[in-house]
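In what follows, every chain begins at residue 1, and chains take the letters A, B, ... in the order their sequences are listed. Just so you know, these numbers come straight off a predicted model, no measurement behind them.
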Amino acid sequence: MDRISAWAADLAATFYKCFIREDRYKLLLGGIGVTIKISLVAVLLGILIGLIIALCSLSKKKLLNILSKIYTDVIRGTPSVTQLMIIYFVVFATVHWPKWLIAAIAFGINSGAYVSEIFRAGIQSIDAGQTEAGRSLGLNGRQTMIHIVIPQAVKNIFPALCNEFITLIKETAIVGYVGLTDIQKAGDFIKSATFEAFMPLIGTAIIYFVLIKILTLALGRAEKHLRRSETH
Amino acid sequence: MIRVHNLHKHFGSLEVLTGIDEHISQGEVVVIIGPSGSGKSTFLRCLNLLETPTEGEIYVDDQLINSPKANVNKIRQKMGMVFQQFNLFPHLTVMDNITLAPVMLKRMTKDAAQAKAMELLARVGLAEKAGAYPAQLSGGQKQRVAIARALAMEPEIMLFDEPTSALDPEMVGEVLDVMKDLAKSGMTMVVVTHEMAFAREVGTRVLFMDQGVIMEQGTPAEIFGNARNERTQKFLSKVL
């Protein structure tokens, strides 16, 4: 009994040292804000870039096919840390935008390559008869794509997109490389300041887990809403 | 209304249509019959340019439609099409399936389009299904909605590509009944079908296609009662 209460007291002391003393929790809260900001902008940018690249790869114009192929090849063939550092220290070296925004752009560019492949598969999965029906009514190619094909494709690829978003959030844990304090880096700072490893790292893991769990639940509800037209 | 001159269509080295000349006037119900692979569907799909002709000219209301200058989208608004596989939009309700094109193409306001849709749904006997999704309908109901959807654009011509071929036998009748009503109302129709009874009863003219050309044509009485071409006779002896 004594051993257990001693252990609990020790744990509480470590917890206090890591998160409460010197307001260290504020470091983590700030980190959560940075992670969310970067992820949110990167996801939106990734969807936009992904859709454009997917449409380029499905286009009848050879040049657009080649450009989209090069884009996905280069992005998928290089590590995201390298891309982040190139974007931050080379491409945006002389641009004085907020650090987090530059990082978000880097992740958006990265995510776009993966999202484009998801979109391409989704658009190709829609029966050609849907396009023919739209065109036969007099809609032009773009109207048919936007109002008939893409809404159905999004429904089919939704689980794959969710997967990509979750991967993206976890990928942002490398932004410490360009001097941003996200959740991971905040945990790391606490580790160095307190010489404690267990508490800050487990705390970091729990924060990521909870964030992603909340997102998963929200996306699950969104998917149910999307699938309402399939009820019998 | 539709004039076709020397129409050819190749898919690679495969010659599906090998020279079709045809004239379809307003109010006609032209039924196209023939064996599989004879080019019936391809011919029909050329009429609204879902297939691009390799050679030849198609005029709709004296306008050459297969020229680079033609406004394909505008021309298609005059021609409704009904597909074998229905091709309803599964993510939209029956109502939205019908109103999507007229509203988006600014033919009608949303209210007017909805009123029109209800009128058309009543006409095809599905007024109570306005709020349903396609997945909740039977095949025959889907095809009737598809007909209503095409009619919502107030087309001058209706094209039917084997509209009953994907249906269970007991649902064929309900779709043919809608098509008969449409024919009676004076709609110009071009129908590719295997329903010989429909061709005989409703068609004003029957075209027999084989090997990418129109082998023989005439009134239903002429074709079904007294076919002159040997291939027509052979085909009819198999299907009748």
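- With a 4.5 angstrom heavy-atom cutoff, B/M79 touches chain A only via backbone atoms.
- Summarising the local packing, CZ of A/F92 is surrounded by more than 12 heavy atoms from other residues, nucleotides or ligands at distances under 6.0 Å.
- Heavy atoms from other residues, nucleotides or ligands lying under 6.0 Å from CZ of A/F209 number 12 at most.
- In B/Q26, the CD atom is not crowded: 12 or fewer heavy atoms of neighbouring residues, nucleotides or ligands sit closer than 6.0 Å.
- By the side-chain hydrogen bond (donor to acceptor under 3.5 Å, both in side chains) test, B/E22 is found to be paired with B/R205, B/Q217, residues two or more places apart in sequence or in another chain being considered.
- Taking CD of A/Q152 as the reference point, atom CG of B/L92 lies at 7.5 Å (rounded to 0.5 Å).
- In this structure, chain A has a heavy atom under 4.5 Å from the side chain of B/R45, while its backbone stays farther away.
- For B/K180, the NZ atom is densely surrounded, since the number of other residues' heavy atoms within 6.0 Å is greater than 12.
- For residues 111-150 of chain A, a heavy-atom distance under 4.5 Å to chain B picks out A/D127, A/G129, A/Q130, A/E132, A/A133, A/G134, A/R135, A/S136, A/L137, A/G138, A/L139, A/N140, A/Q143, A/H147, A/I148, given by residue number.
- The CZ atom of A/R227 sits 13.5 Å away from the NE2 atom of B/H91 when rounded to the nearest 0.5 Å.
- Proximity to chain A (any heavy atom under 4.5 Å) is restricted, for B/L100, to the side chain, taken from C-beta onward.
- No other option in B/N48, B/T93, B/L105, B/L88 has as many heavy-atom pairs under 4.5 Å with chain A as B/L105.
- The candidate from B/M104, B/Q84, B/R149, B/M153 with the greatest count of non-hydrogen atom pairs under 4.5 Å with chain A is B/M104.
- Interface remark: B/F83 contributes side-chain atoms only to the contact with chain A (heavy atom separation under 4.5 Å).
- Highest contact tally toward chain A, considering only B/A101, B/A150, B/P90, is held by B/P90 [criterion: heavy-atom pairs under 4.5 Å].
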